Protein chains: 2
Amino acid sequence: MGARRGLTDAALDRASPVPLYYQLAENLETAIRSGSLSSGSHLENEIELARQLRVSRPTVRRAIAVLANRGLVIRRHGIGTLVVPVRVRRPVRLSSLYDDLTEAGQAPTTRLLAYEVVPAPLDVATGLQLSGETRVLHFERLRLASGQPISLMRNFVPLALKEVVTEEGLKLTGLYRLLRQSGIHLRLASQSIGARSPRPREARLLKLGPGAPLLTMRRISYDDAGQPVEYGSHIYPAERYSFEMSVVADSRT
Amino acid sequence: MGARRGLTDAALDRASPVPLYYQLAENLETAIRSGSLSSGSHLENEIELARQLRVSRPTVRRAIAVLANRGLVIRRHGIGTLVVPVRVRRPVRLSSLYDDLTEAGQAPTTRLLAYEVVPAPLDVATGLQLSGETRVLHFERLRLASGQPISLMRNFVPLALKEVVTEEGLKLTGLYRLLRQSGIHLRLASQSIGARSPRPREARLLKLGPGAPLLTMRRISYDDAGQPVEYGSHIYPAERYSFEMSVVADSRT
DNA sequence: AGAAACTAGTTGTCATGACAACCTGACCTC
DNA sequence: GAGGTCAGGTTGTCATGACAACTAGTTTCT
């Protein structure tokens, strides 16, 4: 049966700077998402896969580990690796609302409501690990998708980033994109999701009634070096927004 | 200086069934959380660590990978591994509310409001991948922590689990614990977090005013084999509950 | 016929070895 | 003094080899 391939179609490029295990992981992921690896089916076993692709078994294992982490496959000791029979969607990645929207095909627009330098409020100062009354850059944005307000975002960043996070930049694109363009890679964030009722100003801006519930998210992001980069306090109309995520259990438990 | 140790204190047990890398990861985690590895400091480098603990470097790397995944350390190519200078809290694990509460030292109690077999509603049937009007086990629980209602939980599980998920079991402990005791290991879940206002019955049960916002969570859990096991639709009073999580970016991006 | 023991196949763990890529700081040159 | 260059140290990647642990099915024994 000559149709056994499908994995080896997109061959691995040993000259590429992209690691082999990662190339393999991406090939497998596209194979799964495109359906050429049908749901619920077994993956070829690791040793055979390694032989076919001419890589070592640890490399194959590492590629599969990436997929398992993303919730696309499940490994079972003594059994094999099976393709998850469901489309479990985006894990809550370290992504911005802007990215999420553009990916979803919506063209988000931004209204910049505030852009100023202020003394850091207490919770912001502790969150960003700044001493006392350090001054920080504060800005507030209203994000609209297809004309409808979908989020009111309040952010604080250290003053050093004033040249990176410019007024013009914020109007045109997302915060995370601005940071990335300046070589700042966010690596880690801790966030908290809750709910509350809107204050009058918020209800007006988001075009909501006074009783309509809001989703709230507070997030502190850290860069490669572990330095806190951004403190965000955002609200979303619950009727137009929800957080989707997939959770994978530790393999040991 | 004899105080250099601290890692080797809790020695590795080669006879234990727990893998070496995992023992090491746990030792490091406790060292970090207890503060004996101070925030922002470098970890000993991998080769030295391997030498001291008499394990191979891949084993050390794997242990550190676990920590990096949990957001406790950050690895930097050419630099080293540093302890994240913040207490970033629990990732939204695949854990139950019951486990979370007992871990937090609260003694949760449960009131079982419903326990019955019903035809599966449409969304439940599709979520659990059941055909048509299959019958499922439905139950509803009110969870209290220190006397206060903290969650109203509605669940559906396939009828095959009726012997596992018993009325008595639900009154005494959590759903996930019941499943685990029967050898069912949840491996993956997709969940959605939103907010809305309570219905009258919900407000009464949770002791809330009609305007008080609720957090909602819908979750479908899958076991080792990728079979859907549980459909849950839960609500939490926003003033008493929030979701905390840490998000780690893919190392390659 | 039923239960226990065995076997084949798979993933899980661990070791060793080697080289590449990367960052920092010191040194040297201009 | 400013800039580039180099060396040392670190993590990143990959290969090979070996054995353990687990699962499911088959065979054998009672």
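Just so it is clear, the model here is predicted, and its values are computed rather than measured. Letters go in sequence order (proteins before strands), and every chain restarts at 1.
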Please say which of A/N45, A/L49, A/V73 ends up in a side-chain contact (heavy atoms from CB on, under 4.5 Å) with A/T81.
->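 One option only clears the test, and that one is A/V73.
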
Find the distance [X]:[atom1] to [N]:[atom2] and express it as a whole number of Å.
| X | N | atom1 | atom2 | answer |
| --- | --- | --- | --- | --- |
| A/L53 | D/dC14 | CG | P | 13 Å |
| B/R62 | D/dG12 | CZ | C1' | 17 Å |
| A/I47 | D/dC19 | CD1 | P | 14 Å |
| B/H42 | C/dC23 | NE2 | P | 14 Å |
| B/R54 | C/dA15 | CZ | C1' | 15 Å |
| B/I64 | C/dC14 | CD1 | P | 15 Å |
| B/R75 | C/dC22 | CZ | P | 16 Å |
| A/L20 | D/dG12 | CG | C1' | 12 Å |

Any residue meeting ring-ring contact (aromatic ring centres under 6.0 Å, His included) with B/H234, in chain and number order, not counting sequence neighbours | none

In terms of the nearest nucleotide of DNA chain D, which residue is placed more toward the 5' end: A/I79 or A/S56?
->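 Nearest-nucleotide comparison on DNA chain D picks A/S56.
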
Could you verify whether a donor N or O on one side chain and an acceptor N or O on the other, from A/E230 and A/Y176, lie under 3.5 Å apart?
->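 Yes, A/Y176 and A/E230 have a side-chain donor paired with an acceptor closer than 3.5 Å.
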
[X], nearest nucleotide to its side chain (from [options]):
| X | options | result |
| --- | --- | --- |
| A/N45 | C/dC14, D/dT13, C/dT10 | C/dT10 |
| A/P19 | C/dG12, D/dT13, D/dT16 | D/dT13 |
| B/H77 | D/dA21, C/dT16, C/dA20 | C/dA20 |
| B/R14 | C/dA15, D/dT23, D/dG12 | C/dA15 |
| B/R61 | D/dT11, C/dT11, D/dT16 | D/dT11 |

A/E163 atom CD, over 12 foreign heavy atoms within 6.0 Å =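 It does not: A/E163 CD has 12 such atoms or fewer within range.
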
Report yes if at least one side-chain N or O of [X] is closer than 4.0 Å to OP1 or OP2 of [N]; otherwise report no.
| X | N | result |
| --- | --- | --- |
| B/Y21 | C/dT13 | yes |
| A/T81 | C/dT11 | yes |
| B/T59 | C/dA15 | yes |

Would you indicate what A/R76 reaches in the nucleic acid, counting non-hydrogen atoms under 4.0 angstrom: base, sugar-phosphate, or nothing?
->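 Since only primed, P, OP1 and OP2 atoms lie under 4.0 Å of A/R76, the category is sugar-phosphate.
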
Can you pull the salt bridge (Lys or Arg N to Asp or Glu O under 4.0 Å) pairs that have at least one residue in residues 47-58 of chain B, sequence neighbours excluded?
->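 Sorted result for residues 47-58 of chain B: B/E46-B/R57, B/E48-B/R51.
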
Give a yes or no on whether a donor-acceptor pair under 3.5 Å exists between the nucleobase atoms of C/dG17, that is its base, and the side chain of B/R57.
-> no

